[in-house]
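Here's the structure, in structure tokens; my notes come after.
Letters A, B, ... mirror the listed sequences (proteins, then strands); counts begin at 1.
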Number of protein chains: 2
Amino acid sequence: MASQCTDLELAINTLVTQFHAASPTVGPTLTVEEFQSMVTKELPTMVKTAGEQEGLNELLKEMGVEEGQGVTFENFWVLVNSLASTQFGLLQKDKSVKCNCLLL
Amino acid sequence: MASQCTDLELAINTLVTQFHAASPTVGPTLTVEEFQSMVTKELPTMVKTAGEQEGLNELLKEMGVEEGQGVTFENFWVLVNSLASTQFGLLQKDKSVKCNCLLL
């Protein structure tokens, strides 16, 4: 059944479908390479550090990804939470801030 | 500096700005009434239970909101996480599912 989604519902759907879209097999986890490709393509302004191996390793560690493991949706969600919280803090400090795609 | 956001970056911004927009004072927390108004307006398909007092109370409890307290961004994020995880699970089971704005 088709339904009309609101902006907020579409936003939640986007977070989920973009994670899925990053895996050609639509598997439950992304390989580190798939994750890196997604972040550099889809979060170029919010996450500047993932292009380099060192920055990527640091990011994976913060997300709770063990060495040699894939990236789960839960891991990805840690990143989204961090970005949203930072963004929320910025908006809180400066009410004039709109979409500024903050840097990490 | 204006910047071009990707769909994923816009989605994260939408989650944050919609929470802010729900509070006329742009305060750090929403009153229960402001939260209820936001959910019924912005999550009508994903959250069907918030219109009634009993459903709203249950939802607030799941989000970790103490009685008599306001709704923080962290509380709201519990809800978003829950919706996204459910949506992720649905997509995992049925790869043909696109934006279906699942029901809670």
Residue part contacting chain A, namely of B/Q18, when any heavy atom lies under 4.5 Å
side chain
Does any non-hydrogen side-chain atom of [Y] lie less than 4.5 Å from one of [X]?
X: A/L43; Y: B/I12; result: yes
X: A/P44; Y: B/T6; result: yes
X: B/L15; Y: A/L15; result: yes
X: B/N13; Y: A/M46; result: yes

Using the six-membered ring wherever Trp is involved, compare the ring planes of B/F19 and A/F88 and label them parallel, tilted or perpendicular (cut-offs 30° and 60°).
perpendicular
Is there a path of hydrophobic side-chain contacts, each under 4.5 Å between heavy atoms, that joins A/V65 and A/V78?
no
A/T14 side, atom OG1; B/L10 side, atom CG - distance, nearest 0.5 Å:
9.0 Å
How far apart are the closest heavy atoms of B/E9 and A/E42, and which atoms are they?
CG-O, 3.6 Å
